[in-house]
Amino acid sequence: MCLGIPGEILSVEDEFMGLRSGKVSFGGAVRQVNLSYTPEAGPGDYVIVHVGFAISQVDEDEAHKMFDYLRELGDLEEEIGPEEEGLP
């Protein structure tokens with residue numbers, strides 16, 4: 001199942017041909033994500049990521065709640081890999 005997973009933007013890279021991207025941490029697992037749909041989001045902000053695209057911005061408290069729900073459902077490891085130290 002594909003879910004929208006909350007992640008924290010670590011860095012934003014220069015736009016290339018109108019596409020904005022950056023590194024996003026999913027509790028320790030860092031992935032390159034397309035940020036074109038969330039132009040207002042920057043480092044330290046949380047976004048919901050679906051199939052490599054940040055589709056919306058979410059506040060930190062909501063992101064942590066979503067991580068907790070996903071852990072309870074057992075879907076977090078399936079989506080981003082095993083839990084690592086530092087997972088919010």
Side-chain angles (χ1 to χ4, degrees):
M1 173 186 348
C2 287
L3 300 172
I5 304 294
E8 180 182 8
I9 298 175
L10 300 178
S11 64
V12 176
E13 298 178 5
D14 292 335
E15 292 184 27
F16 175 73
M17 296 179 62
L19 299 176
R20 185 169 177 259
S21 68
K23 294 190 186 297
V24 176
S25 174
F26 301 93
V30 178
R31 305 281 191 268
Q32 191 73 22
V33 171
N34 185 309
L35 300 171
S36 297
Y37 297 138
T38 55
E40 71 288 345
D45 290 332
Y46 285 80
V47 289
I48 301 299
V49 178
H50 178 67
V51 294
F53 288 84
I55 56 174
S56 65
Q57 195 169 341
V58 65
D59 68 41
E60 183 176 0
D61 290 335
E62 189 65 26
H64 288 285
K65 286 179 190 176
M66 292 175 75
F67 266 117
D68 291 341
Y69 295 143
L70 291 170
R71 268 196 213 106
E72 286 178 26
L73 293 172
D75 286 340
L76 189 59
E77 286 187 18
E78 180 181 318
E79 293 296 323
I80 65 169
E83 184 173 341
E84 298 180 25
E85 188 174 316
L87 193 62

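FYI, the numbering just counts along the sequence from 1. Any value given below was found using the heavy atoms of this structure, including those in side chains, with hydrogens, waters and symmetry copies removed.
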Inset, instruction - Side-chain contact test, heavy atoms from C-beta onward, threshold under 4.5 Å: evaluate it for Glu62 versus Pro6 and give yes or no. - result: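 They are not in side-chain contact.
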Legend entry - Distance-minimising heavy-atom pair for Leu35 and Ser21: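 Closest pair (atom of Leu35, atom of Ser21, distance): CD1-C, 3.7 Å.
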Legend entry - Smallest separation among heavy atoms of Pro43 and Val12, with atom names: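 So the minimum-distance heavy-atom pair works out to CD-CG2, 3.8 Å.
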Inset, instruction - Kindly compute the distance separating NZ (Lys23) from CZ (Arg31), expressed to the nearest 0.5 Å. - result: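 If we round to the nearest 0.5 Å, Lys23:NZ and Arg31:CZ are 11.5 Å apart.
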Legend entry - Partners passing side chain to side chain contact (heavy atoms under 4.5 Å, CB included) against Ala41 (at least two apart in sequence or in another chain):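 Expected list: Ile9, Thr38, Asp45, Val47, Gln57.
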Legend entry - Partner residues of Glu60 under the side chain to side chain contact (heavy atoms under 4.5 Å, CB included) criterion, sequence neighbours left out: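 So Glu60 forms a side chain to side chain contact (heavy atoms under 4.5 Å, CB included) with Tyr46, His64.
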Legend entry - Residues forming a ring pair (Phe, Tyr, Trp, His ring centres under 6.0 Å) with Phe53, sequence neighbours excluded: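 With sequence neighbours excluded, Phe53 shows a ring pair (Phe, Tyr, Trp, His ring centres under 6.0 Å) to Tyr37, given in chain and number order.
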Legend entry - Ser36: side chain to side chain donor-acceptor pair (under 3.5 Å) partners, not counting sequence neighbours: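 Per chain and number, Ser36 pairs via side chain to side chain donor-acceptor pair (under 3.5 Å) with Asn34.
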Legend entry - Hydrophobic cluster identity match, Val30 and Val33, side-chain contacts under 4.5 Å: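 Per the 4.5 Å side-chain linkage, Val30 and Val33 are not co-clustered.
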